[in-house]
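Structure first, commentary second.
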Amino acid sequence: MATPSTSGPPGGVAAPAALGDRVPDVARIAVLRANALGDFIFILPALEALRAAYPQAEIVLLGAPWHAQLWRDRPGPVDRVLVVPPAPGIREPGAGEPESSMADFLAAARAERFDLAVQLHGGGGNSNPIVGGLGARVTAGLRAEDAPPLDRWIRYVYYQHEVLRYLEVVGLVGAPPAGIVPTLAVTDADRAEADAVLGPPGRPRVALHPGATDTRRRWPAERFAEVARALAGDGYEVLVTGTPAERDVVDRVVAAAGVPVRPLVGALGLGGLAACYAGCALVVSNDTGPLHLAAAVGTATVGVYWIGNLINGGHLLRGRHRPIASWTVRCPVCGVDCTPGIYPHRPGDGECPHRDSFVADVPAIEVLEAAHDLLGVQGRAPC
């Protein structure tokens, strides 16, 4: 953690301000977090901490278009969303999204007269210049070794749970934790959307999500099919969710299950998906956004994780959540140790071109045992 210094660190970079001081007279707070769904879920406790510490301030999320849609008429710690333009290390442009200028965005944002700007968007190489360009009275956030400093900063160290990482950041501005569990409200509109697609449940539902953008995080479709078959036999209606880009893996699960299961590919918006999961007894998923969404709306989860991602993103509680870890650290194709990028003094280059699953060694029985434990199933439950 960075600490104050009267002499200043080498290189003439100003030392960070004292930690923990609440910023006076704050009317408007900007928070930068513009990446994917799971990444956003991780900062919800930090946003709640800011809300508790600055109850009269407006909290404005600098996010992506989907953030603006998600937070429309939704209770929670975000009052408003400003869509930040696509930029390297910030976010990718959406399909058909018109071009926009970061310089124009920052000029408009400075007119908002933010009192406090908080960077909750990684190591800061790309994000700290944006936060620094907002013109806020005080800036705070993370700082990797190659990132410019903010007024108050803490060193970015890769292996740290994301929820705790961002709670540390908002602690720099006098916002102690109000909780450690990400929570997201489900609205009546979300439930209406889900009901229109799903209809009333004839039996308890469980959902499986076999996709993930990074294919190294994907548990084999055949294992998901084993879980689907077993849970259908236990008397559950089994939903298999996926984005349009994940249609192939959803189809493989459905075909391999050999029992009636219900595919849901791109059928629901994000709010509708939240309501769908909230209505399920359990969600079984790879480590990807929908897994964290399900937990945030209060649903029990079984998640399949690569061990490094479990350290950074596994749910912190075990009463209703079971993260199952793969301990694979070498590429299953070429055997390269994939940790040296983080630990450069270890042998190997840490990189290879393969994207085969790093979690294929997790047996289906481990996931099923965890699912049965959470569902209270002893063997086969009656329908």
Side-chain angles (χ1 to χ4, degrees), residues 38 203-267 273 276-277 280-292 294 299-310 314 321-335 338 352-375 377 379-381:
R203 49 194 167 136
R205 287 172 172 153
V206 296
L208 313 183
H209 189 88
T213 302
D214 186 341
T215 55
R216 294 172 297 179
R217 297 188 184 199
R218 288 189 181 184
W219 200 42
E222 295 73 20
R223 308 276 173 80
F224 275 104
E226 287 185 59
V227 173
R229 190 160 51 246
L231 294 180
D234 290 332
Y236 291 92
E237 180 184 3
V238 178
L239 313 177
V240 186
T241 60
T243 66
E246 295 164 344
R247 182 178 299 276
D248 177 66
V249 68
V250 170
D251 289 346
R252 284 164 50 205
V253 172
V254 171
V259 296
V261 298
R262 186 172 181 180
L264 290 172
V265 178
L273 186 64
C276 168
Y277 288 156
C280 290
L282 177 73
V283 171
V284 180
S285 174
N286 297 314
D287 167 29
T288 188
L291 174 67
H292 307 296
T299 303
T301 66
V302 178
V304 179
Y305 289 82
W306 176 64
I307 185 59
N309 294 330
L310 175 58
H321 305 284
R322 300 289 190 275
I324 309 295
S326 167
W327 295 82
T328 300
V329 296
R330 293 184 178 275
C331 171
V333 177
C334 67
C338 290
C352 75
H354 304 113
R355 289 299 179 265
D356 294 57
S357 174
F358 267 59
V359 297
D361 61 320
V362 173
I365 187 60
E366 289 185 7
V367 172
L368 270 172
E369 285 178 348
H372 283 160
D373 183 34
L374 291 170
L375 292 167
V377 175
R380 290 171 59 90

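Computed from a predicted structure; not experimentally measured. Computed from heavy atoms alone, side chains included, the values below leave out hydrogens, waters and symmetry copies.
- Counting only heavy atoms from C-beta outward, the side chains of R217 and V359 never approach each other to under 4.5 Å.
- Residue pairs meeting the side-chain hydrogen bond (donor to acceptor under 3.5 Å, both in side chains) criterion with at least one member in residues 250-260, sequence neighbours excluded, do not occur.
- Taking the side-chain hydrogen bond (donor to acceptor under 3.5 Å, both in side chains) definition, one finds that S326 meets it with T328, D361, sequence neighbours left out.
- Side chains of P332 and F358 form a contact here, defined as non-hydrogen atoms less than 4.5 Å apart.
- With sequence neighbours excluded, no residue satisfies ring pair (Phe, Tyr, Trp, His ring centres under 6.0 Å) with Y277.
- When the side-chain contact (heavy atoms from CB on, under 4.5 Å) test is applied to E366, the partners found at least two apart in sequence or on another chain are I324, V362, P363.
- Taking 4.5 Å as the limit, some side-chain heavy atom of L239 sits within range of a side-chain heavy atom of C276.
- With sequence neighbours excluded, the residues that form a side-chain contact (heavy atoms from CB on, under 4.5 Å) with R322 are V302, R318, A370, D373, L374.
- Considering all non-hydrogen atoms of both residues, R218 and S357 come closest at O-OG, 2.7 Å.
- Judged as a salt bridge (charged side-chain N to carboxylate O under 4.0 Å, His left out), not a single pair has a partner in residues 323-335 (not counting sequence neighbours).
- Shown are F224, Y305, W306; of these, the ring pair (Phe, Tyr, Trp, His ring centres under 6.0 Å) with W219 is made only by F224.
- A heavy-atom distance below 4.5 Å is found between the side chains of H372 and D234.
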